[in-house]
Protein chains: 2
Amino acid sequence: MSSNVTLKHIAKELGLSAMTVSRALNDRSNVSEKTKKRVIEKAKSMGYTPNHVAKSLVSSKTYTIGVVIPQITHSFFPEVVRGIEEVTNASNYQLFLTNANEEFSREKEAIRTLQSKRVDGLLISSSQDVKDYSFYEEIINSGTVIVFFDRCIENIGASCVSVNDRASSRQITEHLIEVHGYTKIAHLSGPPEVSVGMKRKNGYLDALRSHDLEINNKWITEGGFQEESAQKAMQKLLELPKDEHPEAVVAVNDPSALGAISAIKSAGLSVPDDIAVVGFTDDVRAPLLEVPLTTVHQPAYEVGKRAARRLLRSIDNPDEPAENIEVLTSLKIRQSCGCPPAETNT
Amino acid sequence: MSSNVTLKHIAKELGLSAMTVSRALNDRSNVSEKTKKRVIEKAKSMGYTPNHVAKSLVSSKTYTIGVVIPQITHSFFPEVVRGIEEVTNASNYQLFLTNANEEFSREKEAIRTLQSKRVDGLLISSSQDVKDYSFYEEIINSGTVIVFFDRCIENIGASCVSVNDRASSRQITEHLIEVHGYTKIAHLSGPPEVSVGMKRKNGYLDALRSHDLEINNKWITEGGFQEESAQKAMQKLLELPKDEHPEAVVAVNDPSALGAISAIKSAGLSVPDDIAVVGFTDDVRAPLLEVPLTTVHQPAYEVGKRAARRLLRSIDNPDEPAENIEVLTSLKIRQSCGCPPAETNT
DNA sequence: TTGTAGGCGTTATCAC
DNA sequence: GTGATAACGCCTACAA
């Protein structure tokens with residue numbers, strides 16, 4: 001603990017009451033300019049630092065927000081956090097950051113602790129293995145404001161900031177169908193319990209259906225959100241007889257696409273000639289791959305800013321109804337889908 | 001704010017005193033098992049959440065650590081934060097994360113706020129434009145424990161966890177000299193006020209001196225820690241007459257090396273044939289570049305864990321003297337230095 | 001085993 | 001313009 005100097009100490013030194021010192025330091029009108037100056041100087045010379053803990057206890061307001069992300073190493077999330085910070089910093093909030101590491105148990109524990117620390121609100125992107133939506137409902141019912149981002153839990157009264165996942169997934173799948181004429185398209189999905197997992201899968205299915213393509217369950221397999229798990233899932237896919245191999249793979253996100261690519265390479269096949277691959281995120285690594293990755297660009301910074309703004313509004317106005325905010329994506333056509341290199345690809 | 005249920009409320013419901021309820025919930029020995037059970041059940045049914053704010057006010061302990069990083073987008077830092085969290089999480093601390101965005105003013109403000117929030121300690125990697133070391137001294141003198149990591153302020157009584165910057169920088173520079181025979185080697189430095197800026201520059205100079213190479217001030221230029229600023233600095237270097245161009249560039253970190261590479265490309269030159277480039281960090285992008293980047297691998301996760309462990313120890317034992325902890329690096333030889341591609345380069 | 005008093009540092013409220 | 005009092009929710013210390 002730091003600075004033990006309190007209002008009382010300053011008051012005693014100056015022969016004033018703690019209350020007057022408080023008023024002076026908070027620049028209230030009902031203090032004489034003279035004492036105000038005296039107090040401020042004394043406070044400085046004594047090395048006074050206001051105690052927000054005590055202030056929070058009185059005001060029931062901590063100027064603190066809990067941020068829970070599933071994977072700090074996935075480049076999408078640091079970028080979101082940067083956006084969040086940009087907004088919250090301007091309003092004098094501090095951020096508690098927790099990396100749940102894709103474990104729901106860890107996420108739950110963190111959220112409980114954050115509640116005990118009396119955060120003014122929570123920004124959450126749920127972990128891969130969420131099961132228990134009721135947990136979030138309890139938190140919301142207890143009066144804590146939540147805004148979800150990216151991986152949302154919907155219809156439980158919390159706002160959600162995400163991209164148009166389903167439409168984007170459909171769009172990139174249609175690119176594979178319409179531009180390249182692929183008909184045998186596989187999907188490495190995320191867990192269906194997670195919003196983006198379900199939505200992106202539905203977008204993929206939308207595209208297939210609208211083009212009357214066969215939906216082959218052998219080609220739809222859960223690979224999770226991480227490179228390693230996706231690599232294993234892709235390996236399994238490649239154990240199918242050669243004539244049942246897909247021509248293209250739609251991965252649920254870029255780490256998953258990277259996993260798929262390395263499985264394809266390990267099998268002695270090549271991207272995109274043997275199997276094309278597309279992702280979702282636009283990871284920093286996507287444009288740098290040997291075969292640059294075609295993917296959906298998610299404006300992570302913008303998602304962070306929107307989520308933070310929405311949360312601050314909810315905090316100031318808890319009765320406003322929840323809303324779903326969609327930020328739009330853009331397609332990044334590179335070479336992993338089979339497109340030729342263009343001049344202006346970044 | 002959430003849960004308004006307090007010990008008093010539970011006490012009233014049960015016809016007990018708040019104190020007994022407190023004891024029961026904290027599992028103290030001097031409460032009968034019966035009332036303990038009654039209390040715990042009641043607390044659950046009433047949705048009680050302990051108020052850490054009040055607890056902290058009493059105990060002068062917040063179980064909270066402030067983490068200040070200069071750039072959340074530089075992949076090194078999220079990885080460090082992951083390491084920090086791994087350690088602090090196990091000891092039930094929460095992390096306040098602040099991204100100073102390389103601005104010292106922002107860093108100072110954040111640190112003051114964190115002090116007001118009464119963090120138990122601070123983990124700091126200083127911003128690019130630090131000037132005012134006395135600021136940190138004041139913080140330390142006020143009794144707040146600081147452990148610096150990566151970018152340290154030394155000799156002011158705070159511990160520091162970093163890599164062996166000087167030796168590593170010398171080593172990679174010597175690789176350029178000894179293996180490739182380069183004699184005209186430039187350095188894109190960081191600001192000399194920042195520890196790693198100075199140390200890496202000294203390592204570069206050490207290498208030149210020990211091989212009796214000319215130290216040419218035209219080839220030593222400050223490019224900052226970020227890609228854009230380094231790119232500009234490199235552009236300026238390339239405005240030298242062609243016969244005064246360096247054969248190789250030692251960049252202060254990987255973002256700087258990336259900036260240098262794009263300046264070299266823009267000038268119609270190639271890496272490494274016209275100018276070789278080496279970095280420092282081992283950014284996620286380093287192995288993926290068109291010409292994979294030779295660089296110094298920093299074990300970021302390990303740096304984070306060590307820094308966190310050191311801080312927790314300092315918190316529990318404030319009188320222990322500060323220490324400098326060095327984590328060792330390893331050279332990642334790839335192709336940007338002119339080495340041929342090997343089989344096992346990742 | 002349980003309860004009471006007092007205080008952590010701050011602020012709202014009412015009084016002078 | 002300034003001060004006294006009580007309260008925020010909890011815990012230590014002492015008493016019963």
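Keep in mind it's a predicted model, so treat the numbers as computed, not measured. A, B, ... follow the sequence lines: proteins, then strands. Residue 1 opens every chain. Note: hydrogens, waters and symmetry copies are ignored here, and every other heavy atom, side chains too, is used.
- Applying the disulfide (SG to SG under 2.5 Å) test to every pair with at least one member in residues 93-154 of chain B, sequence neighbours left out, gives these pairs: C152(B)-C160(B).
- In this structure R306(A) satisfies the side-chain hydrogen bond (donor to acceptor under 3.5 Å, both in side chains) test together with E302(A), sequence neighbours excluded.
- Scored by the ring-ring contact (aromatic ring centres under 6.0 Å, His included) test, F148(A) finds Y136(A) as partners (sequence neighbours excluded).
- Residues of residues 26-38 of chain B having a heavy atom closer than 4.0 Å to DNA chain C, listed by number: N30(B), V31(B), S32(B), T35(B).
- For residues 6-49 of chain B, there are no disulfide (SG to SG under 2.5 Å) pairs, not counting sequence neighbours.
- Defining each end axis of the helix from dT1(C)-dA16(D) to dC16(C)-dG1(D) as the rotation carrying four pairs' C1' atoms onto the next four, with five pairs an end, the two axes are found to diverge by 50° to 10 degrees.
- Not counting sequence neighbours, S105(B) has no partner by the side-chain hydrogen bond (donor to acceptor under 3.5 Å, both in side chains) test.
- Extent of DNA chain D lying under 4.0 Å from chain A heavy atoms, first and last nucleotide in 5' to 3' order, is dG1(D) to dG9(D).
- For the side-chain hydrogen bond (donor to acceptor under 3.5 Å, both in side chains) test, residues two or more places apart in sequence or in another chain that qualify with Y93(A) are K61(A).
- Remark: D319(A) engages no residue in a side-chain hydrogen bond (donor to acceptor under 3.5 Å, both in side chains) (not counting sequence neighbours).
- L7(B) has its CG atom 15 Å from the C1' atom of dT2(C), to the nearest Å.
- Each disulfide (SG to SG under 2.5 Å) pair with one or both residues in residues 62-91 of chain B, not counting sequence neighbours, would appear here, but there are none.
- Listed by chain and residue number, H74(B) satisfy the ring-ring contact (aromatic ring centres under 6.0 Å, His included) test with F77(B) (two or more places apart in sequence, or in another chain).
- Two residues, L57(B) and G15(B), neighbour DNA chain C, and the one matched to the more 5' nucleotide by heavy-atom proximity is G15(B).
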